[in-house]
Amino acid sequence: MSAAELPLILGIETSCDETGVGLVRGCELLSDEVASSVDQHARFGGVVPEVASRAHLEAMTPTVHRALDKAGLTLADVDAIAVTAGPGLAGALLVGVSAAKAYAMALGKPLYGVNHLVGHVAVDQLEHGPLPKPTIALLVSGGHTSLLLVRDLATDVTPLGDTVDDAAGEAYDKVARLLGLPYPGGPPIDRAAREANRAIRFPRGKWGDGTYDFSFSGLKTAVARWVEDGVRDGRDLPVADIAAGFQESVVDVLTRKAVDACLEHGVEHLVISGGVAANSRLRALAEERCADAGVTLRVPRPRLCTDNGAMIAALGAEVVAADLPPSSLNLATDTSLPVDRPLAA
Ligand code: KG4
Ligand code: ZN
């Protein structure tokens, strides 16, 4: 089948604070529009669910139309609708799923409720082509830190390890707050770390414990103690050195466990995705360690790492290609949809 004959998938993402709409055929990205409510949450230091839901409601229709216009397509061209069914914020998910049902019903096209986490992995296909089978995926976002063995994006995703407390992105956001840096904390910590003179050495959570689980709350506490001690002693806070030390601890553990998982499972390909995959130091260290271990690394461009609709359309395209049955129009949202269910129901 040529690319033009593949079904056109409209992907809708509303699990957190980004209203994302993407249009995809197979591995071809046609359009990717995102309306973010991040500015409305910044002063609270985290996402306020009710504010996010209201913003999704207002952004949904305009974002769908913008995505179609940019691709020079209309709703009549859409062959199937994929939507994030979970995991995510209850009210936010509900807005996207309700909109997707309305489009599916009005257009008489099938609806697929898909998994946000697997979408983060699937999006890499839009940049680097079909994912080799199997691939190890390191998923690092604001809500999740997971290592996955992906034999098939639509049907066979096995979790190898997860965070036991804070997710990697959550740790970035909390540490940024401790350092007086803005929300979301990943980008400012990434930037500050580049100005460091001497990175401060912080502990590595669950280091060498023989599992693929992660823990970042001890690290966060260690940073908090460092900051408190400095304030008590009247010292200037070496923000860049703390940021660099914190970041090194996070990316050191992430990359080491990811490469270990590849070696143990005899898998030659690693994909890193999710918001934290936009981190420059994570990308550089992963590149280095993968090269040393003979593992081929794939990381989507930063824009595709953070939440977007194209990732949901990309997974939708896989699910359609695998001939899985569409979701019913009674599709329910699932705030804690497990990662081993790429298609919700
Ligand atoms: O995947 P994502 O957009 O949303 C979730 O599904 O959670 O990830 C958001 C997270 C935030 O915690 C943000 O601080 C982090 O990704 N992030 C980064 C960077 N850019 C975004 N973390 C580290 N370095 C970055 N450059
Ligand atoms: Zn996400």
> Under a single-linkage definition using a 4.5 Å side-chain heavy-atom cutoff for Ile, Leu, Val, Met, Phe, Trp and Tyr, are Leu147 and Trp207 assigned to the same hydrophobic cluster?
Replying inline: yes

>> Checking the side chain of Arg151 only, and the main-chain atoms of Asp156 only, is there a donor and an acceptor separated by less than 3.5 Å?
In response: no

> Just how far is it from atom CG of Asp77 to atom CG of Leu10, taken to the nearest 0.5 Å?
Replying inline: 11.0 Å

>> Donor-acceptor check, side chain of Ser31 to backbone of Ala67, threshold 3.5 angstrom: yes or no?
In response: yes

> Roughly how far, to the nearest 0.5 Å, is the CG atom of Leu138 from the CD1 atom of Ile272?
Replying inline: 5.0 Å

>> side chain to side chain donor-acceptor pair (under 3.5 Å) for Glu13 and Thr84? Distances and angles first, verdict last.
In response: CA-CA 5 Å; Glu13 152 64 32; Thr84 303; 2.6 Å; yes

> For Ala310 and Val24, which heavy atoms make the closest approach, and how far apart are they?
Replying inline: O-CG2, 3.9 Å

> In this structure, which one of Asp340, Val339, Leu315 forms a side chain to side chain contact (heavy atoms under 4.5 Å, CB included) with Leu117?
Replying inline: Val339

>> Are the side chains of Arg341 and Asp334 in contact, using a 4.5 Å heavy-atom criterion?
In response: yes

>> Testing the basics here: between Ala193 and Gln247, what is the closest heavy-atom pair and its distance to 0.1 Å?
In response: CB-NE2, 3.6 Å

> Do Thr255 and Leu282 have side-chain heavy atoms sitting under 4.5 Å apart?
Replying inline: yes

>> With a 4.5 Å cut-off on side-chain heavy-atom distances among I, L, V, M, F, W and Y, is there a chain of contacts connecting Val95 to Val83?
In response: no

> Out of curiosity, does Val121 fall in the hydrophobic cluster containing Leu270 (side-chain heavy atoms, cut-off under 4.5 Å, transitive links)?
Replying inline: no

> Quick one: are Arg194 and Ser280 in side-chain contact, heavy atoms under 4.5 Å?
Replying inline: yes

>> A side-chain contact here means heavy atoms from C-beta on lying under 4.5 Å apart; do Tyr183 and Val47 qualify?
In response: yes

> With a 4.5 Å limit on heavy-atom distance, are the side chains of Ile12 and Ile312 in contact?
Replying inline: no

> Roughly how far apart are Glu248 CD and Leu219 CG, rounded to 0.5 Å?
Replying inline: 11.5 Å

> Between the main-chain N or O of Arg301 and the side-chain N or O of Glu127, is there a donor-acceptor pair closer than 3.5 Å?
Replying inline: yes

> Should Phe216 and Lys174 count as side-chain neighbours, where that means a heavy-atom distance under 4.5 Å?
Replying inline: no

>> Let me confirm one number: the OG1-CG distance from Thr145 to Leu139, rounded to the nearest 0.5 Å.
In response: 8.0 Å

> What orientation do Tyr172 and Phe246 show, parallel under 30°, tilted 30 to 60°, or perpendicular over 60°?
Replying inline: perpendicular

> Which atom pair, heavy atoms only, marks the closest approach of Gly185 to Asp173?
Replying inline: N-OD1, 2.7 Å

> Same cluster or not: are Met60 and Val97 linked, directly or through other Ile, Leu, Val, Met, Phe, Trp or Tyr residues, by side-chain heavy atoms under 4.5 angstrom apart?
Replying inline: yes

Run the side-chain donor-acceptor check on residues 49-57: report pairs under 3.5 Å with partners two or more places apart or on a different chain.
from  : atom 1 : to    : atom 2 : distance (Å)
Ser53 : OG     : Pro49 : O      : 3.0
Ser53 : OG     : Ala92 : N      : 3.4
His56 : ND1    : Thr19 : OG1    : 2.8
His56 : NE2    : Thr14 : O      : 3.3
His56 : NE2    : Cys16 : O      : 2.7

>> Evaluate Val140 against Asn279 for side-chain contact (heavy atoms from CB on, under 4.5 Å), listing each step before the verdict.
In response: CA-CA 10 Å; Val140 274; Asn279 185 268; over 6 Å; no

>> Run the side chain to side chain donor-acceptor pair (under 3.5 Å) test on Asp165 and Ser215 for me, step by step, so that the C-alpha distance in whole Å, both residues' side-chain angles and the decisive distance to 0.1 Å come before the verdict.
In response: CA-CA 6 Å; Asp165 41 53; Ser215 167; 2.6 Å; yes

>> Check this for me, if you would: do Asp190 and Arg281 make a salt bridge, where the nitrogen-to-carboxylate-oxygen distance has to be below 4.0 angstrom?
In response: no

> Is Met105 reachable from Val21 through a run of hydrophobic residues whose side-chain heavy atoms are each under 4.5 Å from the next?
Replying inline: yes

> Could you walk me through whether Ile242 and Phe202 pass the side-chain contact (heavy atoms from CB on, under 4.5 Å) check?
Replying inline: CA-CA 9 Å; Ile242 298 174; Phe202 287 114; 4.0 Å; yes

Please list, one pair per line, the donor and acceptor atoms closer than 3.5 Å that link side chains of residues 229-240 to other protein atoms, with sequence neighbours excluded.
from   : atom 1 : to     : atom 2 : distance (Å)
Asp229 : OD1    : Arg232 : NH1    : 3.3
Asp229 : OD1    : Arg232 : NH2    : 3.4
Asp233 : OD2    : Arg235 : NH2    : 3.3

>> Using modelled atom types and a 3.5 Å cut-off, is there a donor and acceptor pairing between side-chain atoms of Asp162 and backbone atoms of Ser146?
In response: no

> Would you say Ser37's side chain and Asp17's backbone share a donor-acceptor pair under 3.5 angstrom?
Replying inline: yes

> Got a sec, which residues hit salt bridge (charged side-chain N to carboxylate O under 4.0 Å, His left out) with Arg204, two or more places apart in sequence or on another chain?
Replying inline: Asp252

> In Å and rounded to the nearest 0.5 Å, what is the CD1 to CG distance from Ile81 to Leu107?
Replying inline: 5.0 Å

> Under 3.5 Å, side chain of Asp241 to main-chain N/O of Asn197, donor-acceptor pair present?
Replying inline: yes

> Hey, does the side chain of Arg298 reach the backbone of Gly129 with a donor-acceptor pair shorter than 3.5 angstrom?
Replying inline: yes

> Is there a donor-acceptor contact under 3.5 Å from the side chain of Ser36 to the main chain of Glu18?
Replying inline: no

>> Looking at Glu33 and Ala35, would you say the former's side chain and the latter's main chain have a donor-acceptor pair under 3.5 Å?
In response: no

> Which heavy atom of Ser15 sits nearest a heavy atom of Pro87, and at what distance?
Replying inline: CB-O, 3.6 Å

> Which heavy-atom pair separates Ala244 from Ala199 by the least distance, and what is that distance?
Replying inline: CB-CB, 3.8 Å

> Nearest 0.5 Å, what's the CZ-CG distance between Arg256 and Leu254?
Replying inline: 12.0 Å

> Can you find a heavy atom in the side chain of Asp69 that is under 4.5 Å from one in the side chain of Arg66?
Replying inline: no

>> To check you understand the geometry: which heavy-atom pair defines the closest contact between Leu160 and Ala261, and what is its length?
In response: CD1-CB, 4.1 Å

> Is there a side-chain contact between Leu131 and His269, using heavy atoms and a 4.5 Å cut-off?
Replying inline: no

> Where the side chain of Lys257 meets the backbone of Asp213, is there a donor-acceptor pair that is under 3.5 Å apart?
Replying inline: yes

>> Parallel, tilted or perpendicular: which one describes the rings of His120 and His116, with boundaries at 30° and 60°?
In response: perpendicular

>> The test is side-chain contact (heavy atoms from CB on, under 4.5 Å); show your working for Glu170 and Thr163 and say whether it passes.
In response: CA-CA 11 Å; Glu170 192 180 352; Thr163 180; over 6 Å; no

>> For a side-chain contact (heavy atoms from CB on, under 4.5 Å) check, start with the C-alpha distance between Trp226 and Ile200, then their side-chain angles and the critical distance, and finish with the verdict.
In response: CA-CA 10 Å; Trp226 219 98; Ile200 291 156; 3.6 Å; yes

